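In what follows, a structure is listed as structure tokens, so that the remarks can point back to it.
Side-chain atoms are counted along with the backbone in the values below, which use heavy atoms only and exclude waters and symmetry mates. Nothing here was measured: the structure is a model prediction, and the numbers come from that model.
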Amino acid sequence: MDNFMTQVKNLAQSLYPCSAQKLDYDMKLHILENTSVTCNDGTPAGYYLKESRGSRRWLIFLEGGWYCFNKENCDSRYETMRRLMSSSKWPQTKTGTGILSPLPEENPHWWNANMVFIPYCSSDVWSGASPKTDENDYAFMGSLIIKEVVKELLTKGLDNAKVLLLAGSSAGGTGVLLNVDAVAELLEEMGHSSIQVRGLSDSGWFLDNKQYRCTDCVDTISCAPTEAIKRGIQYWGGVVPERCRQAYEGKEWNCFFGYRVYPTIRRECPVFVVQWLFDEAQLTVDNIHLTGQPVQEGQWRYIQNLGIELRNTLKDVPAMFAPACLSHEIITRNYWIDVQVKGTSLPRALHCWDRSLHDNNRNNKTPPKGCPIHLIDSCPWPHCNPTCPTIRDQSTGQEMNVIQFLMHMGFDVQKMAQQQGMDPSKLLGMLSSGS
């Protein structure tokens, strides 16, 4: 297969006009023509685009990067992470990685699509609809940025699309859940109802669970998930999908949590959910900080419990990929093709999902054989899946294997083996072989 892909690439390169020495793989920056749709600081928002003229598939990716929810933490974000609040220093080009890569060996099924990357510069989980005014120090226009980009892309070939996949990671993954219906409605209003709109939400399925240690809501990191969103939604003038708003009237913050908003998304907009069972951002807001010190027993139980809770919220999601790893974000990482759940990789699962949706449209309701799309690890600990991304010791930067990692986490092999009713050496053997 690899050899075949190399031949295809060589052929593509030799057929390309001889004057072009190198295929141009980069996405190019376009600042929005409608400059009233802005980043936090009032600079116009924009997007990166790499067209693929032979393809009728479009992938629009929403970048992640946390959020801020009051003047103090937005001011400090502006000082330390300005590119997430302003377009003034964005580079002219961007190289796509993972699912945005134009190389078939890095991106087996989507490499040929039209690629769009929308930088996150609204700090509002892609939900805001309020401009900068004399009263508001910052604009929060995340939901409007997405709509404006879609409108502009209709003049650049999107009008001829067959499939539009709205994807995103972290805050962008939550942004997908909050905006996929709105994008489909916008296209319908503009007379493009034949474009199939789908969602791919990576690492944006957060739980509004109780923190391991309760702390006051001072900054983004220490603030409990619900409290941060309750404050944010008011500060941003946040907009949530209409059907979810009706379900949680007066408590719209609920719509930022995957398991609550997902059931309200229209059936015409299928969404594929990708979520690590032990998500680092979730653990951070829950006040579990995995630095240097061994984890106490209470924390270890909390971490295992998180995996169980997440599994429960995902069990009715038909299309999803949930490995038992401690990590955050995957679809734009170069290792996204290596992680497997029950022997199936994520690109393969997405391909199977594509096929099942294609067959559904042709009224063939049986899923393709040997092509699973509901993939969730059943082993109970972080990194009990041997294909998880490499873990590094945060203090030394050294790579750790699963046993070193579990020891580092304060995992008591004797005790665990006793609980499972097995010999400690057998348990160690199973852990190191990843079974």
Side-chain donor-acceptor contact under 3.5 Å, Y302 with D286: yes

Above 12 or not: heavy atoms from other molecules or residues under 6.0 Å from NZ of K251? no

D181 pairs by side chain to side chain contact (heavy atoms under 4.5 Å, CB included) with which of V197, T264, I265? I265

Flag yes if more than 12 heavy atoms outside E188 fall under 6.0 Å of its CD atom; otherwise flag no. yes

For the backbone of F69 and the side chain of N73, can you confirm whether one donor and one acceptor N or O come within less than 3.5 Å of each other? yes

In Å, rounded to the nearest 0.5 Å, how long is the span from CD1 of I337 to OG1 of T387? 12.0 Å

Can we say D208 and R260 salt-bridge, meaning some charged N sits less than 4.0 Å from an Asp/Glu carboxylate O? yes

Would you call K151 and E189 a salt bridge, using N to O less than 4.0 angstrom? no

Return yes when atom NZ of K342 has more than 12 non-hydrogen atoms of other residues, nucleotides or ligands closer than 6.0 Å, and no otherwise. yes

Could you walk me through whether F140 and Y235 pass ring-ring contact (aromatic ring centres under 6.0 Å, His included), step by step? CA-CA 9 Å; F140 297 99; Y235 190 54; 5.1 Å; yes

Does atom NZ of K162 have more than 12 heavy-atom neighbours, drawn from other residues, nucleotides or ligands, at distances under 6.0 Å? no

Counting distance only, does the side-chain N/O of E152 pair as donor-acceptor with the main-chain N or O of E33 below 3.5 Å? yes

Donor-acceptor pair between N334 and T97 side chains, under 3.5 angstrom: no

Examine R57 relative to W110 and say whether NZ or CZ is less than 6.0 Å from the centre of the six-membered ring and inside a 45° cone about the ring axis. yes

Got a sec: does the CD of E242 have more than 12 other heavy atoms crowding it under 6.0 Å? yes

